[in-house]
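To start, the structure itself, in structure tokens.
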Amino acid sequence: MTGQLVSEEYGKFLDGYAGILTDASATGRRLTREELDSRRALGEKAAEAGLGLRALVAAHMAEARANWPTANGVSVDIVLAAAAQAIDAFAEGYERAQRHAVRQEEAARREFIDDLLYGRSDLGRLAQRAERYGLRLSYEHAVAVARGTTVYDKGDPAPREVERALVSRFGDRSILLTTKDGRLVCIAPGDQDEVLAYFAKQAFAVTGGGQVAIGRPQPGAAGVVHSYEEAVNALELAERLELDEPVLRAADLLVYPVLTRDRQAMADLVHSALGPLRQVRGAAQPLLDTLTAYFDSGCVSAEAARRLSLSVRAFTYRLERIHKLTGADPSDPVHLYTLQTAVIGARLLDWPAKSF
């Protein structure tokens, strides 16, 4: 790039600079407020034009050399002090414009993510905005959601660390990482399961052993919403059912939404199958915990007793008590499915803590 081209490109952002150096150097005065404001304004315009700050500072120094004040008694220190003031004000304006642009970009990004995950906005316009962030909504996408012991915002160390790890491993592969409602969220092409699996690994590490749920791949903008909701619902199910697996896949939990689709029918089943347990002194919860441990251990009494820190004899007594109260034998295959479904329903509906 020749000196002439540099002058043409940067010259308008040096307007008045030589005159300021001459006037300020003549008396050794500091730059006036108006002079500083003019430098800041030019710095903002230069940033908005997309020019690099280092090149602009070099252009200021070249302009100073080309228009060095020659009046008698002008010292090098005085000229350099005036130049430093002018350049510092120019850089301040440049950085202020950059911060404003970053805030605007972050606001636009947040608005896009809200519209995308909540299914708002016109689909055609949403697809156009998505391309800006590397997403092609005509394809399938899957969403993973991670939660930890605290809430996270986009600028926090944890999301930045996960983002660095993903970019380092996969580069820019149409991956969008963000935060939503205090959780980490990753959107990736549906045919790149390795991306979400790696996200889950990194998120588990930075959240100190949090939990990650992965929704199923779905096509289109509505598919992103569906996959996101599946992941969020999976985390909520895990909390209610006390599932402690670090990574949950919505595809493996589809039976639970089916069971709760008719909430009233499930409530009737819980009341009918488990309601008699309320007759027990000390409430129904210990017997419900007994059934839960029994089913979770594959109907192996010894393992279930160990989980509850009971002797096998004490555990067997509890099963007999349940049989007597409900009329259903947990060890009988005919009764097992009804009881197990009712236990799942009780956990989903938070029974017996909540009555219905």
Side-chain angles (χ1 to χ4, degrees), residues 109-148 152 154 159 162-207 210-241 243-261:
R109 188 175 189 273
R110 175 58 60 188
E111 182 183 8
F112 164 73
I113 289 168
D114 287 344
D115 290 346
L116 178 63
L117 296 182
Y118 288 140
R120 298 194 296 250
S121 185
D122 173 75
L123 290 180
R125 183 168 176 269
L126 193 63
Q128 290 179 343
R129 293 160 66 196
E131 291 183 2
R132 176 181 178 183
Y133 301 103
L135 300 181
R136 301 185 65 179
L137 295 183
S138 58
Y139 296 164
E140 282 191 342
H141 286 85
V143 182
V145 179
R147 67 176 173 197
Y152 300 98
K154 185 66 173 65
V162 174
E163 188 167 28
R164 282 195 298 268
L166 284 171
V167 172
S168 176
R169 176 75 175 269
F170 301 104
D172 184 8
R173 291 176 57 176
S174 302
I175 303 168
L176 180 61
L177 184 71
T178 186
T179 58
K180 187 66 180 168
D181 297 330
R183 306 182 183 104
L184 306 183
V185 178
C186 182
I187 305 171
D191 61 351
Q192 296 182 16
D193 186 67
E194 69 276 11
V195 173
L196 295 182
Y198 190 71
F199 164 79
K201 179 180 178 181
Q202 297 300 315
F204 180 80
V206 302
T207 57
Q211 198 168 39
V212 185
I214 302 176
R216 292 177 297 165
Q218 305 283 353
V224 174
V225 178
H226 191 183
S227 185
Y228 170 71
E229 290 177 344
E230 283 189 338
V232 171
N233 290 338
L235 289 176
E236 293 175 353
L237 275 172
E239 186 173 5
R240 290 203 296 270
L241 297 176
L243 304 177
D244 57 3
E245 290 86 349
V247 181
L248 304 163
R249 291 188 177 271
D252 299 332
L253 302 174
L254 291 178
V255 65
Y256 297 108
V258 171
L259 291 175
T260 56
R261 190 161 295 161

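All values below were derived from every heavy atom in this structure, side-chain atoms included, with hydrogens, water molecules and symmetry-related copies excluded. Keep in mind that this is a model prediction, so the values were computed, not measured.
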Q: Would you confirm whether R147, through its side chain, and L235, through its main-chain N or O, come within 3.5 Å as a donor-acceptor pair?
A: yes
**Q.** Separation between CD of Q192 and CD of E140, rounded to the nearest 0.5 Å
**A.** 12.0 Å
Q. For the residue pair V145 and R183, what are the closest heavy atoms and their distance?
A. CG1-CD, 3.4 Å
Q.
Would you say that more than 12 heavy atoms from the other residues, nucleotides or ligands in this model lie under 6.0 Å from the CD of E239, or not?
A. no
**Q.** Non-hydrogen atoms of A142 and G215 that approach each other most closely
**A.** CB-O, 3.8 Å
Q: Determine yes or no for a side-chain-to-main-chain donor-acceptor pair under 3.5 angstrom, with E245 supplying the side chain and A238 the backbone.
A: no
Q.
Could you measure the distance from the CG atom of L184 to the OH atom of Y152? Nearest 0.5 Å is fine.
A. 6.5 Å
Q.
Ignoring hydrogens, what is the shortest heavy-atom contact between A146 and V212? Give both atom names and the distance.
A. CB-CG2, 3.7 Å
**Q.** Exercise: identify the closest heavy-atom pair between R169 and Y198
**A.** NH1-CE1, 2.8 Å
**Q.** Beyond-backbone contact of L196 with C186, side-chain heavy atoms, under 4.5 angstrom
**A.** yes
Q | Positive for side chain to side chain contact (heavy atoms under 4.5 Å, CB included) with F199, one of I187, I214, I175, L166 | A | L166
Q) What are the two closest heavy atoms between L248 and A234, and how far apart are they? A) CD1-O, 3.8 Å
Would you mind writing out the side-chain donor-acceptor pairs for residues 220-232 within the sub-3.5 Å range, not counting sequence neighbours?
{"residue": "S227", "atom": "OG", "partner": "V143", "partner atom": "N", "Å": "2.9"}
{"residue": "S227", "atom": "OG", "partner": "R216", "partner atom": "O", "Å": "3.0"}
{"residue": "E230", "atom": "OE1", "partner": "R216", "partner atom": "N", "Å": "2.9"}
{"residue": "E230", "atom": "OE1", "partner": "R216", "partner atom": "NE", "Å": "3.3"}
{"residue": "E230", "atom": "OE2", "partner": "R216", "partner atom": "NE", "Å": "2.8"}
{"residue": "E230", "atom": "OE2", "partner": "R216", "partner atom": "NH2", "Å": "2.5"}

Q | Minimal non-hydrogen separation, G210 against F204, with atom names | A | O-CD1, 3.1 Å
Q) With no hydrogens and no angle check, is any side-chain donor or acceptor of T207 less than 3.5 Å from a backbone partner on A203? A) yes
(Q) For the CG atom of L241 and the CD atom of E236, what is their distance to the nearest 0.5 Å? (A) 11.5 Å
Q) Is there a side-chain contact (heavy atoms from CB on, under 4.5 Å) between L177 and Q202 once you walk through the steps? A) CA-CA 12 Å; L177 184 71; Q202 297 300 315; over 6 Å; no
Q) Atom CG in D252, atom CG in L243: separation rounded to 0.5 Å? A) 11.0 Å
